[in-house]
Amino acid sequence: MTDKKLIGVDLGGTTTKFAIMTMDGEIQQRWSIDTDILDEGSHITPDIIESINHHLDLYNMTPADFIGIGMGTPGSVNSKEGTVIGAYNLNWKTTQYLRRDIEAGTHMKLAIDNDANVAALGERWKGAGENQPDVAFVTLGTGVGGGIVADGHLLHGVAGSAGELGHVTVEPHGYECTCGKQGCLETYASATGVVRVARDMAEEYAGNSKLKTMLDDGEEISSKLVFDMAKESDALAVKVVDRVSYYLGLALANVGNMLNPAYIVIGGGVSAAGEFLRKQVEAYFEEFTFPNVKNTTKIRLANLGNVAGVIGAASLALQFDQQ
Ligand SMILES: [Zn+2]
């Protein structure tokens with residue numbers, strides 16, 4: 001083991017986060033820049049290169065001080081080729097040659113993976129996963145993503161779609177998903193999914209509820225509002241959270257039944273609902289798992305917040321240490 005450092009890059013639709021880390025996963029420097037998605041995202045890669053080079057100058061460091069760079073990005077990632085395609089929130093419509101361009105611009109090696117996978121690696125390494133060899137991660141945000149570490153290895157599958165928990169079918173003839181399928185977990189348990197469930201349940205609901213009154217009046221609501229009102233025992237909000245927890249519990253139970261990880265970690269913006277949500281998901285998880293999984297696989301909340309991605313991204317560069 002050397003005392004060389006890692007660089008982590010977490011590329012997102014609005015900001016790009018950077019960190020310089022030790023090989024033990026301690027953050028030494030951290031910064032971020034706005035992601036400029038104009039002109040078909042053509043500024044993104046040059047901006048990342050410039051920001052890394054600028055900060056190396058600032059800290060009096062050179063590429064020789066680093067093992068390499070690890071990076072998480074939206075879109076369909078080809079980790080072997082170091083390319084990404086279809087990152088629509090970055091306006092990237094054609095294949096981006098991230099490894100080729102960033103290695104040429106920084107004179108360091110680059111490893112990439114998708115954003116949900118690097119968040120999974122981060123939580124597994126330094127967060128709620130306690131560096132266990134078997135950890136599954138689900139992120140509940142604008143969409144629902146996931147990542148699976150099994151026997152110490154991040155799973156990719158034959159075409160990079162392993163761990164895409166957002167598209168697990170939880171309702172065979174359910175809501176239509178952006179993927180073209182019906183009844184995906186994402187359509188119920190993402191931030192927009194929770195709002196959609198609330199709207200539909202409000203139509204059938206006849207009882208007394210402030211949430212129903214708001215929806216009937218055409219007011220804008222958010223998933224956070226639904227959870228906050230459920231915590232205050234609003235009758236409709238309680239039913240909505242129960243429905244969402246049922247779908248999450250069902251999906252995660254089947255992850256458990258299949259992989260029996262030590263932990264299934266729930267992260268992302270919706271998970272800010274905290275223990276209130278976790279407990280209800282756990283109740284359904286226990287209903288849908290068989291005894292040995294129920295007794296050994298635990299549902300946990302993520303604890304790294306928004307640095308999970310940059311920490312997990314940096315860990316991708318550890319592979320260069322053996323080379
Ligand atoms: Zn889907």
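Counting convention: from 1, in listed order, for ligands and their atoms alike.
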**OP:** Verify the neighbour count for atom CD of Glu176: are there more than 12 heavy atoms of other residues, nucleotides or ligands below 6.0 Å?
**Re:** no

Original post:
For the side chain to side chain contact (heavy atoms under 4.5 Å, CB included) test, which of Val84, Val118, Ile85 pairs with Val77?
Top reply: Val84

Subject >> Any Leu6 side-chain heavy atom under 4.5 Å of Met23 side chain >> reply: yes

Original post:
Could you walk me through whether Asn78 and Thr83 pass the side chain to side chain donor-acceptor pair (under 3.5 Å) check?
Top reply: CA-CA 5 Å; Asn78 185 326; Thr83 59; 4.5 Å; no

**OP:** Pick out which of Asp134, Thr289, Thr297, Asn292 makes a side chain to side chain donor-acceptor pair (under 3.5 Å) with Asn260.
**Re:** Thr297

**OP:** Go around the Zn ion (ligand 1) and count every protein N, O or S atom nearer than 2.8 Å.
**Re:** 4

Without placing hydrogens or testing angles, list every side-chain donor-acceptor pair under 3.5 Å for residues 300-316, not counting sequence neighbours.
from, atom 1, to, atom 2, distance (Å)
Arg300, NH1, Ala128, O, 2.8
Arg300, NH1, Glu130, OE2, 3.2
Arg300, NH2, Glu130, OE2, 3.3
Asn303, OD1, Ala128, N, 3.4
Ser315, OG, Gly312, O, 2.6

